[in-house]
There are 2 protein chains.
Amino acid sequence: MSHRKHQDYTASLKASGLQVTAQRLAVLRSVQTQHHATADEICEQVRSELGTVSRQAVYDALNTLSENGLIRRIEPAGSPSRYESRTDNHHHLICRQCGKVLDVDCAHGEAPCMDPPDTHGFQIQEAEVIYWGICPDCQSHHQ
Amino acid sequence: MSHRKHQDYTASLKASGLQVTAQRLAVLRSVQTQHHATADEICEQVRSELGTVSRQAVYDALNTLSENGLIRRIEPAGSPSRYESRTDNHHHLICRQCGKVLDVDCAHGEAPCMDPPDTHGFQIQEAEVIYWGICPDCQSHHQ
DNA sequence: TAAACTTCTTGACACAGTCCAGAATTGAGC
DNA sequence: GCTCAATTCTGGACTGTGTCAAGAAGTTTA
């Protein structure tokens, strides 16, 4: 099972023409496990697996993997970047109080939210949608 | 005309229970003039009007004005915060190459884009939409 | 005009992330 | 299996954006 995953990640890296390194595999595993983790949290986890890893190596891996579409980076206002393994078209629900991030499917199916009323001549590549609110926990705990 | 605007800003500040200071007025004017400017750009402009102003005073003004709804802050991925005077429900079109920001009206009118398929129990306050793409200038210049 | 409150100034600091140069690792071809 | 070229990793310095803190200055209310 964990062997299986390792194989998959190895294949994905090769398919993108990237070298397979222990650090990248650990980063991939960590992004898969901890949803919407920050670079720091990923760094921690990778260290607990591999022992010593430099912060730079983690940033390099995160950047390379993002650029090659193996993971996705989101940068919510007021928070450091977060990384997720889900790379299809979907949006996010974020709690203004505790910062929790949840995935939500695209509101309209395929990608029609890519249709603003006026494009001003832009070539539109992506529509990013963030729903800001208060999560159930924060609603009950201190309200 | 410029006298008129000054009056308006003064009234807005008072209506929010905020003190009227030269710095805040200059910041309001600057946000109104330079669309989607960064704190740094606003700082520059305010200095050119008032002479010496501390960076902190500008940040304080921007924060206070944002909190009171007199201006709005947006924080696009990969860019420092930007400020705008338009505070109604609208979205943004941003060029991935040059970073240009344009306003677009809400795609569906009032605020129905506040309707994700599954709210996961969140109390939703706002839906933030950013259309990422390439602006006409960047399409022609280097493509 | 004075007291109470808010705001501004200056300078130090925090955080997330990047740059750099040399050392180590990896993959491809022999 | 080796060897070499290309890529990646390490460690440390550095940058940009923004906040904190304490005292000085300004503003409001009575």
Side-chain angles (χ1 to χ4, degrees), chain A residues 6 9-28 30-31 36-47 49-68 70-71 73-83 99 101, chain B residues 6 9-28 30-31 36-47 49-68 70-71 73-83 99 101:
Chain A
H6 177 282
Y9 292 145
T10 300
S12 307
L13 286 168
K14 287 195 171 155
S16 299
L18 297 174
Q19 283 191 192
V20 180
T21 67
Q23 287 81 347
R24 286 182 173 170
L25 290 173
V27 167
L28 277 170
S30 174
V31 169
H36 312 109
T38 62
D40 230 44
E41 289 161 352
I42 290 163
C43 207
E44 293 276 302
Q45 167 134 9
V46 169
R47 276 184 181 144
E49 278 187 47
L50 302 184
T52 291
V53 187
S54 71
R55 210 163 47 109
Q56 190 55 39
V58 172
Y59 273 109
D60 282 356
L62 288 170
N63 286 336
T64 307
L65 296 174
S66 299
E67 279 157 20
N68 285 274
L70 297 188
I71 62 176
R73 185 208 319 259
I74 58 176
E75 300 177 49
S79 148
S81 296
R82 290 164 180 277
Y83 298 86
V101 181
Chain B
H6 177 282
Y9 292 145
T10 299
S12 308
L13 286 168
K14 287 194 171 157
S16 298
L18 296 173
Q19 282 189 193
V20 180
T21 67
Q23 286 84 345
R24 288 183 172 168
L25 290 172
V27 167
L28 277 170
S30 175
V31 170
H36 311 110
T38 62
D40 229 45
E41 289 161 352
I42 289 163
C43 207
E44 292 276 300
Q45 167 135 8
V46 168
R47 277 185 179 141
E49 278 185 45
L50 302 184
T52 290
V53 187
S54 70
R55 209 166 46 110
Q56 191 55 38
V58 172
Y59 274 108
D60 282 356
L62 289 170
N63 285 336
T64 306
L65 295 173
S66 299
E67 280 156 21
N68 284 275
L70 297 187
I71 62 177
R73 185 209 320 259
I74 59 177
E75 300 177 50
S79 149
S81 295
R82 291 166 180 277
Y83 299 86
V101 181

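A, B, ... follow the sequence lines: proteins, then strands. Residue 1 opens every chain.
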So, using side chain to side chain contact (heavy atoms under 4.5 Å, CB included) as the criterion, who are the partners of A/Thr38 when residues are at least two apart? A/Asp40, A/Glu41, A/Pro80, A/Arg82
Using five pairs at each end of the helix from C/dT1-D/dA30 to C/dC30-D/dG1 to define an axis, what is the angle between those two axes, to 10°? 40°
My understanding is that only residues two or more places apart in sequence, or in another chain, count here; which of them pass side-chain hydrogen bond (donor to acceptor under 3.5 Å, both in side chains) with B/Glu44? none
Identify, with sequence neighbours excluded, every residue that meets side-chain hydrogen bond (donor to acceptor under 3.5 Å, both in side chains) alongside B/Gln56. B/Asp60
Do you know the tightest heavy-atom contact between B/Ile71 and B/Tyr83? CD1-CD2, 3.9 Å
What pairs meet the side-chain hydrogen bond (donor to acceptor under 3.5 Å, both in side chains) rule with one or both residues in residues 13-28 of chain A, with sequence neighbours excluded? none
Closest approach of A/Glu75 to B/Gly78 (non-hydrogen atoms, all atoms of both residues): OE1-N, 3.1 Å
Shortest non-hydrogen contact from A/Leu13 to A/Leu25? CD1-CD2, 3.9 Å
Closest approach of A/Ala26 to A/Leu50 (non-hydrogen atoms, all atoms of both residues): CB-CD1, 3.9 Å
Pull out every residue in residues 36-45 of chain A that has a heavy atom closer than 4.0 Å to any atom of DNA chain D, ordered by number, or say none. none
What residues, two or more places apart in sequence or in another chain, satisfy side chain to side chain contact (heavy atoms under 4.5 Å, CB included) together with A/Glu67? A/Asn63
Can you name the nearest heavy-atom pair linking B/Val53 to B/Ala57, along with the distance? CG1-CB, 3.9 Å
Residues touching DNA chain C, which here means a heavy atom under 4.0 Å, drawn from residues 53-61 of chain B: B/Val53, B/Ser54, B/Arg55, B/Gln56, B/Ala57
For B/Val31 and B/Leu62, run side chain to side chain contact (heavy atoms under 4.5 Å, CB included): C-alpha distance rounded to whole Å, both residues' side-chain angles, the deciding distance at 0.1 Å, then the answer. CA-CA 9 Å; B/Val31 170; B/Leu62 289 170; 4.2 Å; yes
At the 4.0 Å heavy-atom cut-off to chain A, mark where contacts on DNA chain D begin and end, going 5' to 3'. D/dT7 to D/dA13
For B/Glu49, what residues pass the side-chain hydrogen bond (donor to acceptor under 3.5 Å, both in side chains) criterion, not counting sequence neighbours? B/Arg29
Categorize B/Ser81 for me: base, sugar-phosphate, or nothing, with a 4.0 angstrom heavy-atom threshold over every strand shown. sugar-phosphate
Closest non-hydrogen atom pair, B/Val58 against B/Ala39: CG1-O, 4.2 Å
Using chain A heavy atoms and a threshold of under 4.0 Å, write down where along DNA chain C the contacts begin and end, 5' to 3'. C/dA16 to C/dG27
